[in-house]
Amino acid sequence: MIAFVSGPVAALAPTTAVVEVGGVGMAVQCTPNTIATLRVGEPARLATSLVVREDSLTLYGFADDDERQVFELLQTASGVGPRLAQAMLGVHSPDALRLAVSTGDEKALTAVPGIGKKGAQKLLLELKDKLGQPLGSSGLVGAQRGATGPAPWTEQLSAALVGLGYASREAEEAVAAVTPQAEAALAETGSAPVPQLLRAALQTLNRAR
């Protein structure tokens with residue numbers, strides 16, 4: 001198993017970072033939140049989990065070991081593969097997921113694209129004794145931010161776009177362009193889906209160029 005990769009960031013895409021390790025470019029699948037912390041040419045260390053399939057080897061990257069552990073625990077629930085597990089971590093921090101499961105917060109799970117009401121109920125049952133209790137107050141951010149202060153999705157999306165090489169002004173314009181879509185999602189589910197918003201923002205930027 002590849003526990004982590006460390007080296008300069010060679011390239012960034014909306015869901016992938018290429019980290020140079022010993023002269024080899026390792027493609028690592030990451031959430032937009034993690035991508036937003038990286039910069040091309042700067043050193044990075046990502047905790048990783050290697051997912052082996054008959055026709056592929058996919059390396060998933062995380063900000064820290066705790067996030068990787070939750071990613072792997074989520075996949076012990078039936079019907080949860082690596083993509084859905086990563087989507088859950090793209091919407092909620094590890095502690096926010098622990099809080100949601102420990103309190104039976106069905107709405108928090110349905111905020112994740114691909115999880116419906118029945119799926120959320122099933123996950124709450126299966127994960128109840130696996131994730132444990134929140135480790136600290138920092139994990140509550142994902143569950144509580146939406147009601148107070150600036151919308152966290154705007155910060156995440158802007159940072160991700162800047163990390164991909166866009167100017168701050170371009171990032172601000174793209175965030176403004178997808179704000180109606182984000183507000184509609186917030187009204188419906190209580191959470192803004194950053195991965196989908198990032199794709200929509202990139203489309204507006206590509207049309208503008």
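Start at 1 with the first residue, then count along the sequence. As a basis for the values below, the full set of heavy atoms in this structure was taken, side chains included, without hydrogen atoms, waters or symmetry mates.
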Is a donor on one side and an acceptor on the other found under 3.5 Å between the side chain of [X] and the backbone of [Y]?
X    : Y    : answer
Q181 : V178 : no
T179 : V175 : yes
T103 : L99  : yes

Got [X] and [Y] here, is their nearest side-chain heavy-atom distance under 4.5 Å?
X    : Y   : value
I2   : L59 : yes
E126 : S78 : yes
V9   : E20 : no
R53  : P82 : yes
I35  : T16 : no
T58  : L50 : no

Identify which one of E72, Q69, E67 satisfies the side chain to side chain donor-acceptor pair (under 3.5 Å) criterion when paired with S49. E72
What about V18 and V24, same hydrophobic cluster or not, with Ile/Leu/Val/Met/Phe/Trp/Tyr joined at side-chain heavy-atom distances under 4.5 Å? no
I need the [X] [atom1] to [Y] [atom2] distance, nearest 0.5 Å.
X    : Y    : atom1 : atom2 : value
L38  : L46  : CG    : CG    : 5.5 Å
Q29  : R83  : CD    : CZ    : 6.5 Å
L124 : L109 : CG    : CG    : 5.0 Å
L84  : Q75  : CG    : CD    : 9.0 Å
F71  : Y60  : CZ    : OH    : 5.5 Å
L127 : L131 : CG    : CG    : 5.0 Å

Shortest non-hydrogen contact between [X] and [Y], atoms and distance:
X    : Y    : result
P113 : V91  : CD-CG2, 4.1 Å
T48  : F4   : OG1-N, 3.3 Å
M26  : V21  : CG-CG2, 3.8 Å
A174 : L161 : CB-CD1, 3.9 Å
A10  : V40  : O-CG1, 3.8 Å
L202 : P14  : CD1-CG, 3.1 Å

If we count only N and O atoms by modelled type, under 3.5 Å, do the side chains of T34 and T31 hold a donor and an acceptor together? yes
Evaluate side-chain contact (heavy atoms from CB on, under 4.5 Å) for V101 paired with K130, printing each intermediate quantity in order. CA-CA 9 Å; V101 172; K130 295 180 179 179; over 6 Å; no
More than 12 heavy atoms of other residues, nucleotides or ligands under 6.0 Å from NZ of K128: is that the case? no
Please report the C-alpha distance between R98 and D66 in whole Å, then the side-chain angles of each, then the deciding distance to 0.1 Å, and finally whether the salt bridge (Lys or Arg N to Asp or Glu O under 4.0 Å) criterion is met. CA-CA 12 Å; R98 291 188 181 99; D66 182 44; 2.5 Å; yes
